[in-house]
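Residue numbers start from 1 in every chain, and the chains themselves are labelled A, B, ... in the order their sequence lines are given, proteins ahead of strands.
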2 protein chains.
Amino acid sequence: MDKQTVTIYDVAREADVSMATVSRVVNGNPNVKPATRKKVLDVIERLDYRPNAVARGLASKKTTTVGVIIPDVTNIYFSALARGIDDIAMMYKYNIILTNSDENGRKEVQVLNTLMAKQVDGIVFMGNDISDEVRKEFERAKTPIVLAGCVDDQDQMPSVNIDYTAAVEEATKNLIDHGNERVAFVSGSLDFPINRDYRLKGYKQALKKAGLRYDDKLVFETDYSYKAGQLLQPALQSVKATAAVIGDDELAAGVMNGVTDAGLSVPDDFEIITSNDTKLTEMVRPKMSSITQPLYDIGAVAMRLLTKLMSNEAVENKTVLLPYGLMKRASTH
Amino acid sequence: MDKQTVTIYDVAREADVSMATVSRVVNGNPNVKPATRKKVLDVIERLDYRPNAVARGLASKKTTTVGVIIPDVTNIYFSALARGIDDIAMMYKYNIILTNSDENGRKEVQVLNTLMAKQVDGIVFMGNDISDEVRKEFERAKTPIVLAGCVDDQDQMPSVNIDYTAAVEEATKNLIDHGNERVAFVSGSLDFPINRDYRLKGYKQALKKAGLRYDDKLVFETDYSYKAGQLLQPALQSVKATAAVIGDDELAAGVMNGVTDAGLSVPDDFEIITSNDTKLTEMVRPKMSSITQPLYDIGAVAMRLLTKLMSNEAVENKTVLLPYGLMKRASTH
DNA sequence: AATCAAACTGAAAACGTTTTCAGCTTGATG
DNA sequence: CATCAAGCTGAAAACGTTTTCAGTTTGATT
């Protein structure tokens with residue numbers, strides 16, 4: 001039934017050498033006489049031999065596979081990161097085991113365990129929050145882990161990010177400078193440090209520097225979905241907000257459409273700055289102004305960092321901050 | 001340096017049983033006396049033993065890992081499929097090795113080889129085209145493969161799809177019924193059977209039944225990108241098209257914004273029906289009418305089919321067609 | 001011709017499981 | 001009490017590589 005597979009042993013026999021030599025040829029070890037190498041290569045070709053990566057992994061304790069934990073591939077923000085990760089991984093001959101976590105702590109822990117069991121050489125973790133249980137798994141892991149687009153408030157894990165605080169502060173300031181005195185802050189759960197400790201902090205700093213009072217009625221905590229944004233319009237209006245800094249592009253698109261569907265004009269009646277500069281910002285009308293982040297690069301740099309960690313290379317800086325910007329489009333003046 | 005890992009052998013020694021017994025306990029084999037089981041379980045707990053999946057894979061010839069080849073995770077259409085695949089995979093205790101192919105035949109072949117080398121138990125393939133080289137790899141593979149959202153014009157491979165021909169015919173008919181006599185057909189490369197042999201065929205059938213002449217000036221072949229769509233407007237206008245059936249949502253969003261940015265009104269001056277019903281259709285303004293496809297389900301069903309193939313279960317139907325629909329939104333009358 | 005280092009090669013021991021097969025216990029049955 | 005099947009267990013052989021270590025060639029040098 002099963003196509004019988006040809007093993008290194010078959011090649012050795014046919015080529016009249018030892019398996020050690022075949023192994024050397026396959027792995028490009030230079031200690032093989034050219035004539036022998038050719039002989040082996042010919043047999044490999046003839047028998048169509050393919051090394052078994054599982055056996056290889058067992059013997060060498062390297063799987064050339066890394067785990068990637070992502071909240072949801074379907075989210076355009078994370079898929080951009082994932083693409084960066086995969087491209088660099090491929091460049092370094094790694095493959096990626098990708099799993100969706102839905103930011104669910106239990107699932108994250110379980111997935112981490114599976115990945116460790118599968119002996120991945122490293123892990124890239126994405127998610128807004130690192131629960132205590134997850135952190136515990138990180139600590140017991142013998143494998144390098146880096147965070148991508150995800151902040152470690154305890155500053156223990158290697159990570160690749162932008163300076164969220166500064167970015168949000170700048171965005172908020174921009175809105176204030178346009179004359180908005182009531183700027184809303186719309187984000188995902190404030191249980192997430194990235195929102196509570198970084199973004200919100202930037203928002204408050206901007207208010208303070210502008211001499212505006214912080215009003216927690218202007219802070220909206222919701223989930224990162226288009227629908228959630230759309231439903232926010234009445235609330236926004238009731239607190240007399242005239243602008244918003246929003247933590248996610250889909251969410252922002254929802255808010256914007258909610259606002260315009262209610263008959264208001266963006267940006268004349270309501271200005272919006274979103275956070276992730278995904279291609280969605282260009283697809284909606286009006287196009288959304290946004291904090292710009294090098295999404296692909298965050299993933300790519302995270303993976304590159306991981307390769308260094310995996311090969312025990314010295315790493316100058318465990319947490320790298322990539323540059324952000326502010327892109328003015330049609331949702332602000 | 002390395003945290004020394006605890007093996008099945010350590011557990012066996014501590015629990016004073018053989019490794020065989022430990023293995024049985026770990027794998028839930030019923031042939032173990034409850035008392036023994038408990039003893040072993042306690043030791044496992046105490047030593048924090050985790051079975052090594054690589055060794056397991058070598059011994060059992062099963063890796064509980066499947067390969068997924070995707071053109072681009074960043075594409076919202078494919079990521080929806082991927083999500084369905086991953087969820088079902090997880091449900092059946094499989095993990096997923098995800099790789100982006102960019103529809104590049106060389107890359108596809110290379111990735112297939114890596115996946116086989118890693119001894120995946122099965123493969124889900126997505127892509128618009130199956131090149132001869134790829135088909136050859138499929139044939140030599142000893143592992144089950146199923147296509148998701150991707151058509152096999154030679155009808156050899158198991159696949160999960162919708163009836164693209166009928167769907168496009170219905171969409172085109174809808175546009176014609178609204179009085180459009182010059183309906184454009186905008187798709188990706190016509191080298192892809194899915195476009196050339198399925199979608200275009202549906203388009204032609206609709207024309208024919210309506211007594212309209214087929215005009216190849218109305219057929220636009222481009223790549224599946226937002227940008228490409230946006231740039232299409234002048235060409236569309238020059239052939240006097242008043243409506244379009246479009247093969248991809250991002251592409252459609254581009255076309256629509258190109259048209260409206262040129263000062264025309266959708267749907268009054270130009271009607272649009274797109275193909276994939278991704279959430280993007282609801283985010284743009286006007287919202288886009290679309291052929292509806294159960295994207296998540298296509299992925300999910302494909303994965304479910306694969307699990308059956310992997311466990312040699314009987315499969316009634318190697319190619320499954322899921323139902324499609326037509327969702328009227330604001331880009332058509 | 002002898003010597004020696006460098007280049008090459010092979011035997012065999014890992015790597016950590018699963019699985020087969022034979023054997024040992026049990027407890028019930030006649 | 002003998003017998004037998006069912007239940008439980010262990011020894012050892014896979015699984016297909018990499019890697020170590022000890023050798024054997026080879027070719028240049030004296």
Side-chain angles (χ1 to χ4, degrees), chain A residues 2-41 43-44 47-65 93 114 116-121 142, chain B residues 2-41 43-44 47-65 93 114 116-121 142:
Chain A
D2 262 353
K3 213 68 190 172
Q4 67 199 11
T5 66
V6 358
T7 72
I8 199 175
Y9 189 76
D10 299 320
V11 176
R13 183 170 20 75
E14 289 292 310
D16 201 28
V17 298
S18 73
M19 350 179 334
T21 298
V22 177
S23 175
R24 278 187 273 259
V25 170
V26 168
N27 292 297
N29 183 316
N31 286 344
V32 180
K33 187 156 50 172
T36 314
R37 178 184 308 278
K38 173 158 185 11
K39 190 171 58 172
V40 172
L41 251 16
V43 174
I44 286 179
L47 300 190
D48 191 28
Y49 164 71
R50 323 265 188 112
N52 178 324
V54 173
R56 233 206 265 236
L58 183 58
S60 69
K61 296 171 161 300
K62 300 224 162 302
T63 54
T64 63
T65 302
K93 314 276 187 206
T114 320
M116 314 279 20
K118 295 211 169 172
Q119 313 296 117
V120 294
D121 295 336
K142 53 289 179 194
Chain B
D2 260 355
K3 214 68 190 170
Q4 66 199 11
T5 66
V6 359
T7 73
I8 200 174
Y9 188 77
D10 299 321
V11 176
R13 183 169 24 74
E14 289 292 310
D16 200 29
V17 297
S18 72
M19 353 181 330
T21 298
V22 178
S23 175
R24 278 187 273 259
V25 169
V26 168
N27 293 296
N29 184 315
N31 286 344
V32 180
K33 187 156 52 171
T36 314
R37 178 184 308 278
K38 172 156 186 4
K39 190 172 54 171
V40 172
L41 250 16
V43 174
I44 287 180
L47 301 189
D48 191 27
Y49 165 71
R50 324 265 188 111
N52 178 323
V54 173
R56 231 205 267 238
L58 182 59
S60 69
K61 294 168 162 300
K62 299 222 163 302
T63 54
T64 62
T65 303
K93 314 275 187 206
T114 319
M116 314 277 23
K118 295 212 168 171
Q119 313 295 116
V120 294
D121 296 335
K142 52 290 180 197

_Side-chain N,O (B:Thr5) to OP1/OP2 (C:dG16) below 4.0 Å_ = yes
*First encountered from the 5' end of DNA chain D, between B:Asn31 and B:Ala55*: B:Asn31
*Considering just the side-chain nitrogens and oxygens of B:Tyr49, establish if one lies under 4.0 Å of OP1 or OP2 belonging to C:dT17.*
yes
_Do B:Met116 and B:Lys142 have side chains that approach each other closer than 4.5 Å (heavy atoms only, starting at C-beta)?_
yes
*asked:* Output the rounded distance in Å from CD1 (B:Ile8) to C1' (D:dG10).
replied: 13 Å
*Of B:Lys33 and B:Pro51, whose nearest nucleotide on DNA chain C comes first from the 5' end?*
B:Pro51
*Round to the nearest Å and state the distance from B:Arg56 atom CZ to C:dC15 atom P.*
19 Å
*Provide, to the nearest angstrom, the distance between the OH atom belonging to A:Tyr9 and the P atom belonging to D:dT17.*
13 Å
*Among C:dT19, C:dT17, D:dT17, find the nucleotide with the atom closest to the side chain of B:Ala20.*
C:dT19
_Could you tell me how far apart B:Met116 (CE) and D:dG16 (P) are, to the nearest whole angstrom?_
15 Å
*Tell me whether the OP1 or OP2 atom of D:dT18 has a side-chain N or O from A:Ser23 closer than 4.0 Å.*
yes
*Which part of the nucleic acid, if any, lies within reach of B:Val17 when heavy atoms closer than 4.0 Å are counted: base, sugar-phosphate only, or nothing?*
sugar-phosphate
*Write down the distance between CG (A:Asn52) and P (C:dC15), rounded to a whole number of angstrom.*
19 Å
*Return no unless some side-chain N or O of B:Thr36 is found under 4.0 Å from OP1 or OP2 of D:dT9.*
yes
*Just how far, in rounded Å, is P of D:dT19 from CZ of A:Arg24?*
11 Å
*Donor-acceptor contact present, side-chain A:Lys118 to main-chain B:Asn52, <3.5 Å*: no
*A:Val22 and side-chain contact (heavy atoms from CB on, under 4.5 Å): which partner among A:Val43, A:Thr36, A:Val11?*
A:Val11
*Expressed in angstrom and rounded to an integer, what is the separation of A:Met19 atom CE from C:dC15 atom C1'?*
13 Å
*Starting from the 5' end of DNA chain D, give me the residue, B:Leu58 or B:Ser18, whose nearest nucleotide shows up first.*
B:Ser18
_side-chain N/O B:Lys61 vs D:dA14 OP1/OP2, d < 4.0 Å_ = no
*Would you indicate, yes or no, if C:dT18 has its OP1 or OP2 atom less than 4.0 angstrom from a side-chain nitrogen or oxygen of B:Asn27?*
yes
_Hydrogens and angles aside, do B:Arg37 and B:Asn29 bring a side-chain donor and acceptor to less than 3.5 Å of each other?_
no
*Spell out, as yes or no, whether a donor-acceptor pair under 3.5 Å connects the side chain of B:Thr65 to the backbone of B:Thr63.*
yes
*d(CD1, B:Ile44; C1', C:dT17) in whole Å*: 13 Å
